[in-house]
Protein chains: 2
Amino acid sequence: MKKKLSIKDIAEQLHVSKTTISWVLNGKADQYAISKALQRKILKHIEKVGYKPNRMAQGLRTGKSKTIGILIEDISDAFFSTLARRFEEILGKKGYRIVYGSTENNTEITKELIQVFRNHQVDGFIIVPAPGIESTVKELVDEKTPVVFIDRPLSDYDGSCVLVDNFRGTAKAIQHLIDNGYQHIAMVTLSSDQAQMRERERGYQITASEAGMDINVLKIKYHEPKDKAVIQLKNFLNKHKETDALFFATNYLAEIGLETILDLKKNIPDQIGIVVFDDANLFRFFKPSITAIAQPIQSICEQAVQLLFEQLESTSEVSPRIVQLPTSLTIRDSSANRLSKAKIPK
Amino acid sequence: MKKKLSIKDIAEQLHVSKTTISWVLNGKADQYAISKALQRKILKHIEKVGYKPNRMAQGLRTGKSKTIGILIEDISDAFFSTLARRFEEILGKKGYRIVYGSTENNTEITKELIQVFRNHQVDGFIIVPAPGIESTVKELVDEKTPVVFIDRPLSDYDGSCVLVDNFRGTAKAIQHLIDNGYQHIAMVTLSSDQAQMRERERGYQITASEAGMDINVLKIKYHEPKDKAVIQLKNFLNKHKETDALFFATNYLAEIGLETILDLKKNIPDQIGIVVFDDANLFRFFKPSITAIAQPIQSICEQAVQLLFEQLESTSEVSPRIVQLPTSLTIRDSSANRLSKAKIPK
DNA sequence: TTGAAAGCGCTAACAG
DNA sequence: CTGTTAGCGCTTTCAA
């Protein structure tokens, strides 16, 4: 069994002190005027024997772990796992590792995970906040731990945050349905009062009512089992027989919706038009392909990391910043009412 | 700014020694006969002031980080992100955190990530091995770091490993196509000689040739841009005009295949049948829905963690074990040749 | 230009 | 039953 080398071993092998090695390794060699020759010698030796500093010891000493904690709703969800991948790339380049946790948008789990990550001495957090975690986040901020929120702000709390324009994104999508001749658009959303959902609902409400349409919203609970949710949607459609288009406020709800429409053997897009918030790669292979509001995932991640580093690198207090990004509408076949020409003139 | 409490602070507040606290916290209180009353008092106080031990210090002292490194191909891929989620659940319950890395099935990136995680003192690895990482893995094993491979073994190296029966899974799928009357089945796979791909190919070859069919395999490079891959598949189909069914060896290849078939305006399943290795949630919403070979993700993760803990908890050498799990065929519409009845009697 | 030594927060051998 | 003490491997102050 090969034992792991420590800085002490290297120092002895080279007959120099640990300090010297530490300086060379941390780019302070010039500052302390260590001869180029010695620097080279040390670097070469380290390379040869494959020495890498023990990060736990470094961490204990410096109080930094070079690790960022990322809390998202669910790593197995297409949207969140794509976010995770981008964060991994961006932070990896900066020499940071990631630990992540799936919160299920649950207050207790989120609090728990924040605690666990805190004990692991993560240097900062990127959080998709579940409701009600204000107090825990406050502790973090009191300790001057950098935190950035994404996807939604934490209500009653201002911290740096990267959001998309949920209102306008939705409004554009609803308008698109209207332009295509749909006349009875209903919305399926989560029974959550988190900001992103409220904004999407507002986008629907305002756009539809300005067009003189009636407003019908079905709210489904976050963890509702799929079969029950399908029944709720069926009842809803039964009650609102005139509905000729559905806007789903999340990807996951769209799954439920498609399941239902499949059951009901309704034809998309003729009998019913579909638009979904959050795009998925595979949507283009559905038949018909599904129109979706796409979030700029790459930008979201870049901005979030930038906000995080502002806090990480600044010594003084950084005032919270909110960055809002636009969405884009990916128009596919599920929203192309082929009867519209016949209908509009009416 | 609230300062973080250390064990020393607690000791002073309670007028006991650090040792006593450490023992109470690590479940050794009874062993060292610390009075129940004192234990309760300590626990209560710790709870009240919210003290949590600094894991970096613990780690430095014990050499354990309570962190597992997981290397997969790509966290944004549906299959791998679902694996990640299960690992998170299972390991989380055992008090372990996860750091993960996406290797892109690339040798250099994998080696690099293993190094980085090693410096972060992870206690063990679960790895989807890229080719050619034997030497790096060997270093790990020399240091007695527990390692478990999943999805495929590392060639020329025996370590504990959780696999699925790629051969039989594929064979079953091909047989299913044959039973449904398809007569010219081709396979689209990656040009990789990793074991899982070889086994899938073997499953196809043997089953198809036993049925007296011709064998046609198209191999696509791992990182081939989608548009180029589509062209390759088109050329292939052009050359083998008789092809009436395609077996895709991975999820990702299926995307390329569906894109192509869409372009070609071929009808699934009548003109061409489809089966895919690896199931995806959304496959059931495709029209027609896609038949797929599903891997038992939950079991894979459970088994892998078990193999990992065998190594983690044992003091002596653990001889490598290989666990092979069965796949299941999820039959949907893309493989139901509606003309088959007419064909078979011929 | 380099080295000695203190100490980050914790665990565990050893002493009482 | 409880406390004293010696490090784990590293960074950094201070002295030479």
Side-chain angles (χ1 to χ4, degrees), chain A residues 3-43 45-46 49-67 118-123 143, chain B residues 2-43 45-46 49-67 95 118-123 143:
Chain A
K3 255 208 73 223
K4 275 213 100 171
L5 293 162
S6 83
I7 197 170
K8 199 171 144 222
D9 301 318
I10 308 293
E12 281 167 7
Q13 290 165 13
L14 250 32
H15 308 293
V16 295
S17 84
K18 296 190 295 173
T19 314
T20 309
I21 303 197
S22 174
W23 278 334
V24 170
L25 247 31
N26 292 296
K28 304 207 176 142
D30 289 337
Q31 187 179 327
Y32 288 93
I34 291 164
S35 73
K36 289 281 176 214
L38 183 53
Q39 289 188 39
R40 260 196 307 279
K41 184 174 156 199
I42 290 176
L43 255 12
H45 183 75
I46 281 173
V49 300
Y51 165 74
K52 293 280 162 85
N54 178 325
R55 282 226 52 90
M56 300 224 90
Q58 282 185 315
L60 179 58
R61 186 59 234 238
T62 60
K64 302 274 160 253
S65 63
K66 286 279 183 181
T67 303
R118 215 150 63 106
N119 305 147
H120 276 252
Q121 271 53 55
V122 303
D123 295 340
E143 290 170 356
Chain B
K2 198 164 69 185
K3 253 207 74 221
K4 275 212 99 170
L5 293 163
S6 83
I7 197 171
K8 199 171 143 224
D9 300 319
I10 308 293
E12 281 167 6
Q13 290 165 12
L14 250 33
H15 308 293
V16 295
S17 85
K18 294 190 298 173
T19 315
T20 309
I21 302 197
S22 174
W23 277 334
V24 170
L25 246 31
N26 292 297
K28 303 204 178 145
D30 289 337
Q31 186 179 329
Y32 288 94
I34 289 164
S35 73
K36 289 282 175 213
L38 182 53
Q39 289 188 40
R40 260 196 308 278
K41 183 174 157 200
I42 291 176
L43 255 12
H45 182 75
I46 281 174
V49 299
Y51 164 74
K52 293 278 162 88
N54 178 326
R55 282 227 51 90
M56 301 225 90
Q58 283 185 316
L60 178 58
R61 187 59 237 239
T62 59
K64 302 274 161 255
S65 63
K66 285 280 183 177
T67 303
R118 215 150 64 105
N119 306 147
H120 276 253
Q121 272 51 57
V122 302
D123 295 340
E143 290 171 356

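By convention in this document, chain letters (A, B, ...) are assigned in the order of the sequence lines, proteins followed by strands, and residues within each chain are numbered from 1.
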Rounded to the nearest Å, what distance is computed from the [atom1] atom of residue [X] to the [atom2] atom of nucleotide [N]?
X: A:Ile21; N: C:dT1; atom1: CD1; atom2: C1'; value: 15 Å
X: A:Gln39; N: C:dT1; atom1: CD; atom2: P; value: 10 Å
X: B:Glu12; N: C:dG9; atom1: CD; atom2: P; value: 12 Å
X: A:Leu14; N: C:dG3; atom1: CG; atom2: C1'; value: 15 Å
X: A:Met56; N: D:dG7; atom1: CE; atom2: C1'; value: 17 Å
X: A:Ile46; N: D:dC10; atom1: CD1; atom2: P; value: 10 Å

Using the rule given for side chain to side chain contact (heavy atoms under 4.5 Å, CB included), can you reason through A:Ile21 versus A:Ile46, listing the C-alpha separation, both sets of side-chain angles and the distance that settles it, and then say yes or no? CA-CA 9 Å; A:Ile21 303 197; A:Ile46 281 173; 4.1 Å; yes
Any side-chain heavy-atom pair from A:Leu25 and A:Ser22 closer than 4.5 angstrom?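 A:Leu25 vs A:Ser22: side chains apart.
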Do B:Gln39 and B:Asp30 touch side chain to side chain, with heavy atoms closer than 4.5 Å?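 Yes, their side chains come closer than 4.5 Å.
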Looking at every strand, decide which applies to A:Leu60 at a 4.0 Å heavy-atom threshold: base, sugar-phosphate, or nothing.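 Answer is base: heavy atoms of A:Leu60 come under 4.0 Å of a base.
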Flag for A:Thr20-A:Ser17: side-chain donor and acceptor within less than 3.5 Å: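 A:Ser17 vs A:Thr20: donor-acceptor pair found between side chains.
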Establish, from distance only, whether the side-chain atoms of B:Gln58 and B:Arg61 form a donor-acceptor pair under 3.5 Å.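 No, no side-chain donor-acceptor contact under 3.5 Å.
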Given the rule in the side chain to side chain contact (heavy atoms under 4.5 Å, CB included) test, do A:Val49 and A:Gln13 qualify, once you have shown the distances and angles that lead to the verdict? CA-CA 11 Å; A:Val49 300; A:Gln13 290 165 13; 4.3 Å; yes
For each nucleotide in nucleotides 10-16 of chain C, reading 5' to 3', give B when a protein heavy atom comes within less than 4.0 Å of its base, S when such contact involves only the sugar-phosphate, and - otherwise. BBBBB--
